[in-house]
Every structure is written in structure tokens, then in C-alpha cells.
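Predicted, not measured: the structure shown is a model, and the values here were computed from it.
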Amino acid sequence: MNISVLVRRHRLLLGLGVLLGLAGTAATLLQPLLIGDLIGAVAHDEDLTWSIAWIGALFAADALLAAAHFYLIGRAGENIVLDMRTTLTGRLLRSQIRSFNKLEHGDVFTRTLADTSLARVALSSSVAQLITAGFTTVGCIVVMAWIDWRMLLGTVGWLGVASALALLIARAVRQAAVANRDDTSAYGSGLLRALGALTTVKASRAEGREAEHLRDLADTARLSGIRVTKLSALLMPAMNVGTQVSLAVVIAWGMARTATGDLPVADLTAFIMYLFYLVSPLVMFFMALGELQQGRAAISRVTELGAIEQEPDPQNRPGPAHAPRSGRRPGNRPGPGTASIAFEDVTFGYDAATPTVHGLSFELPATGVTAIVGPSGAGKTTLFQLVERFHTPDRGTIRLDGQDTAAMPLEQLRSRIGLVEQEAPLMRGTIRDNLTYARPDATDRNVAEALRAAHLPRS
């Protein structure tokens, strides 16, 4: 799964949101200059009408552009997370059973739900905030240099130290976020494992032990989450200290120069306003950088899950989409004694060193009932999964009505086999929805025939 491709689908919405954010930033940067002009107009007893009107218009434009910016970026983010979840769930549903069974189901749930949400923040709002905050920071510095470059040098040193410290903290935030996502996934996997075997837990009187184990996992996730919070909480104070020292320098030095007439009051006022304006975008920049670092960890986990091995795509394979569900095809009706399923020297193992099925050959007749019996772990379930091609043999051939199942499109193969599992799961919807799950186009007559064949009442 390529995340960059998903993001590019929404580049127009993201780009428009960023442009509106930059326009709002430009309106913000003009405000201190106009307020400085207003102070100068007051000092010279000039007409204030136009100055006040321009300032009011800029305030209104700033508010409208900011609202539109956040709306568009938020909408693009929700569109991105929808695409991520849709693509990810589609790949999971079409994944190779062998690869899927290696995953912790709690971890799959966490990556699909929580990690995609974090990835959304990183790919939309954090990136947009980095761009607009960076633009605001550069704009403020340029205008401050134009007003008085000497005072700017007095502020940059302290802000530079604070920024370097914030970068180190942001890197530590990402490392802590990776650990927290893994710990959260471990708790989710443990919870699903215990709840999925609740009857076994109760029968073994293991409720207390499982609760203690889950509490330990939850506490580990809590501790790593606290570390993320602690490091994230240091970002703003680091910037605030540098800003407060810079502000003290500017006020003391600026007032001294104003008293000697070296610096106009209007310029000092505008400079101090720009310094205040600089604080928020700098803090936002490094907060967004911290969010981006957390999001990168989530993106990596989502991408890793999206790389799960896939079954062959039925759309890229020849053959009809829906074949008859009987064990034979029209026009190829097997005669007496013809095998409908045949295994020819089939070998398969979940672990290559210890094959579950080794050199197995047998034939099942097209009619009648055949029972396959054996002790637990003998490979009975594996045989049916091989017929359905949930797994593929390491060696040998499986034939259905004489056809090699490896050459048949999966859609066609599975449409001709009715699999009734030992533990029959109930899917969403009504009883009829469950009865027709494999054939949603089944008629009432088909349903009645299935109920009659299964000796189930129709009430």
C-alpha cells in the first residue's frame, strides 16, 4: 500500500487549504505595520478612519481565511483516512491466510483504527501547520529585520537555542511514540485473545490470571504513553523560555533607544507585536513537528500491515465470476466412480521443517458421503483449506472434477464448494443474510431448499 499515492488523490484540497492558510498568514503579518501607522497617525493628530477600517478588514479576512483553512485541511484529512482504511481493509480481506494468521489480531485492529487516525493528522493538519507556521516565522523575521536588524539579532540568539532544544525533544517524541504504539497493540492483542477464548478462561478458572496479565500490558502502555506526554509537554516551555528572554531584551533595549530618540515608538510597538506574533507559530511549528514524528511511526505501521501477501486478484484471472455451486460443471457430468476431488502426491506444511501433509494421494467420489477422521492435529482441517486454496501445496496437485485447482480462478473455485465450519460464526444482518452470505442473490426457493436439506425449521 503506497501512502503517497493516497495523499496525491487529495492534493487539490490540501493545496487549496494551504494557500488559504498562507493568505491568512499574510493578513496577520500586515496587522502590526498598520497598527504602527495608527500609532503614528495618533501622534501627528491625523485622520484615523482609513487606518481603523484597514485594520478591521484585515482582522475579518484573517478570521475567515483561518476558518476556511482549517475546514479544508480537516476535510482532506478525513478523506485520506477513509482511503487508508478502505485500502487496508480490502488488502486484509484479500490477504493470504498463512500471512494473516501470523498477525496478532489486536495489533491489526490498532493499526487499522488508531494508527490510521494518527497518520491522518501527520499527512494533513501537521504538514499544513508546518508550512503556514514556517511561513509566518520567516515573514515575522523578515519584517523585524526591516524595522530594526540590530534588535532582531538580540532576539534570534535566544530563539535559536530554544529551537535547537525543541528539535531534540521532537526526535525523542517520535521514538517514544513508536514504543507506545507497540505497547498499545500488545494490550489489544492480549485482550482479544482472552475474550476470544472466554469459555476456556472461565472453565480453567483463569479470570484472575488473565486480568493480571492484561493489567500489566495496560500499565506498560500507560507508562510509554506518559513518556510521550512528558516529552511533548516540554516542547512549549522550551520555546516559551527563549521567547520570554528575547522579549525582556527587546523591551529593555528598545525603551532605552526610544528615550534617546534613536527608535520611534511606533517601530518599537510594531517590533514587539511581531515578536509576540512569532511566538505562536514557532510553538505551533514544533508541536506540529512532534505530531508529525508520532504520525511517521503510525504511517510506518500502516504501510507494513498494507504490505501483507495477497491472494490472486480474481479480476485479473480468466473464467466466469459465478459458476454453479455443485461439485461439477454443466456438460462435464462425471460418470459412476469418477472422483470429484483428487489429491496427487500432495505435501504441505505450515513449517517447512515439519510438513502437516506428506506425499498424500487419494480420491473422493462425486456422489455419496465421505468422512475424514483422525486425531486432533492430524491435518483434517488442513485438507479442506488446501481444497479451498486458503493454502497452496508445497508439492503435488489437487484436482476438482479433473481440473487443477491451482489453475482455476479463486472466485470460480470457491463458488463450487460449500464449506460449513465447525464453529459457525454469525455475520452481521438477519438470519436470512447469514443463510445467503455466500450467495446474496439466492431466491426464496433456494433458501427453502437449503433449510430443508439442513433439516432446519422454516418458522
Side-chain angles (χ1 to χ4, degrees), residues 89-90 92-97 100-101 105 192 195-200 202-203 311-315 317 319-343 362-391 398-403 405 408-459:
T89 51
L92 287 170
L93 290 171
R94 294 175 176 84
S95 62
Q96 293 277 8
I97 292 292
F100 182 78
N101 286 341
H105 291 181
L192 284 181
L195 295 179
L198 190 57
T199 53
T200 302
K202 288 181 175 295
E311 288 185 326
D313 186 351
Q315 294 181 356
R317 299 291 300 271
H322 295 283
R325 292 193 54 81
S326 64
R328 49 191 180 270
R329 293 168 295 162
N332 188 25
R333 190 177 184 88
T338 302
S340 62
I341 295 178
F343 276 56
F362 67 87
E363 294 182 350
L364 297 182
T367 58
V369 176
T370 303
I372 299 177
V373 297
S376 178
K380 302 183 297 297
T381 301
T382 301
L383 295 182
F384 291 104
Q385 291 182 343
L386 286 170
V387 173
E388 288 265 15
R389 249 174 68 195
F390 294 154
H391 303 291
I398 301 172
R399 299 187 185 278
L400 178 64
D401 286 351
Q403 267 191 286
T405 57
M408 298 173 66
L410 278 176
E411 188 80 8
Q412 179 186 356
L413 170 66
R414 291 174 183 169
S415 71
R416 297 171 62 182
I417 300 170
L419 177 64
V420 180
E421 301 178 69
Q422 183 176 354
E423 297 290 339
L426 285 176
M427 310 302 290
R428 60 178 173 80
T430 64
I431 294 176
R432 180 190 173 89
D433 292 335
N434 278 263
L435 288 170
T436 60
Y437 189 71
R439 285 190 60 189
D441 58 341
T443 64
D444 290 343
R445 182 176 179 180
N446 297 143
V447 173
E449 289 174 355
L451 290 172
R452 188 163 48 250
H455 304 290
L456 291 174
R458 296 185 57 189
S459 57

**Q.** Matching residue for Thr436 among Asn446, Val447, Thr430 - test: side-chain contact (heavy atoms from CB on, under 4.5 Å)
**A.** Val447

Got a second to check how far [X]'s [atom1] is from [Y]'s [atom2], nearest 0.5 Å?
X	Y	atom1	atom2	answer
Leu400	Ile417	CG	CD1	5.5 Å
Arg414	Glu311	CZ	CD	4.0 Å
Ile97	Glu388	CD1	CD	10.0 Å

(Q) Are Val387 and Phe343 packed together at the side-chain level, in the sense that at least one heavy-atom pair is separated by less than 4.5 angstrom? (A)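 Yes - at least one pair of side-chain heavy atoms lies under 4.5 Å apart.
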
**Q.** Residue list, ring-ring contact (aromatic ring centres under 6.0 Å, His included) with Phe390, at least two apart or on another chain
**A.** none

Q | Under the salt bridge (charged side-chain N to carboxylate O under 4.0 Å, His left out) test, residues paired with Glu449 that sit two or more places apart | A |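 For Glu449, the residues satisfying salt bridge (charged side-chain N to carboxylate O under 4.0 Å, His left out) (neighbours in sequence not counted) are Arg445.
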
Has [X] got a side-chain atom pairing as donor or acceptor with [Y]'s backbone, closer than 3.5 angstrom?
X	Y	value
Lys380	Ile372	no
Thr405	Ile398	yes
Arg389	Pro409	no

Q. Which pair of non-hydrogen atoms, one from Ala442 and one from Arg432, has the smallest distance, and what is that distance?
A. O-NH2, 3.2 Å

Q) With Thr382, which residues qualify under side chain to side chain donor-acceptor pair (under 3.5 Å), at least two apart? A)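 Scan of Thr382 (side chain to side chain donor-acceptor pair (under 3.5 Å), adjacent residues dropped) gives Tyr350.
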
